[in-house]
Amino acid sequence: MSTAMNFGSKSFTPRAPDKGAFPLDHFGECKSFKEKFMTCLRENAFDNSKCRLQSRDYLECRMEHQLMAKEPLEKLGFKDLTDSPPRQADKDQH
């Protein structure tokens, strides 16, 4: 009995990735945010609870550049950070 799938049939319809699967950032639009987040993780023995601001900034960048679906920060686990000061990148631009 064969378990191979026939992708040549007309019944196959591609679909968007499930939540959590991000498209690649081909143009590096959020690279600086990713690097800040990764640096924070390395400096804190990969304890992501100490890098929540950087994580929030990275996800906001991805949403702004349509690299992931826009979601309220509260739904992404950042409810306690929604009233925090502006992102570091916003401060750097002034």
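- Between Arg42 atom CZ and Cys51 atom SG the span is 10.0 Å, to the nearest 0.5 Å.
- Lys34 contributes atom NZ, which lies 9.5 Å from atom CZ of Arg62 (distance to the nearest 0.5 angstrom).
- Arg52 contributes a side-chain N or O that, together with a main-chain N or O of Gly77, makes up a donor-acceptor pair within less than 3.5 Å.
- Distance check: Gln54 CD to Glu35 CD gives 12.5 Å after rounding to the nearest 0.5 Å.
- Phe33 contributes atom CZ, which lies 11.0 Å from atom CG of Asp25 (distance to the nearest 0.5 angstrom).
- Checking side-chain atoms of Asn44 against main-chain N and O of Lys50 turns up no donor-acceptor pair under 3.5 Å.
- The main-chain N or O of Phe78 is never found under 3.5 Å from a side-chain atom of Arg56 such that the two would form a donor-acceptor pair.
- Atom CG of Leu76 sits about 11.5 Å away from atom CG of Leu81, to the nearest 0.5 Å.
- For the pair Leu67/Cys30, a side-chain contact is recorded, criterion being any heavy-atom separation below 4.5 Å from C-beta on.
- Placement of Met68 and Leu73 within a single hydrophobic cluster is found when ILVMFWY residues are connected by side-chain heavy-atom separations under 4.5 Å, directly or transitively.
- To the nearest 0.5 Å, the span separating CG on Leu59 from CZ on Phe37 amounts to 8.0 Å.
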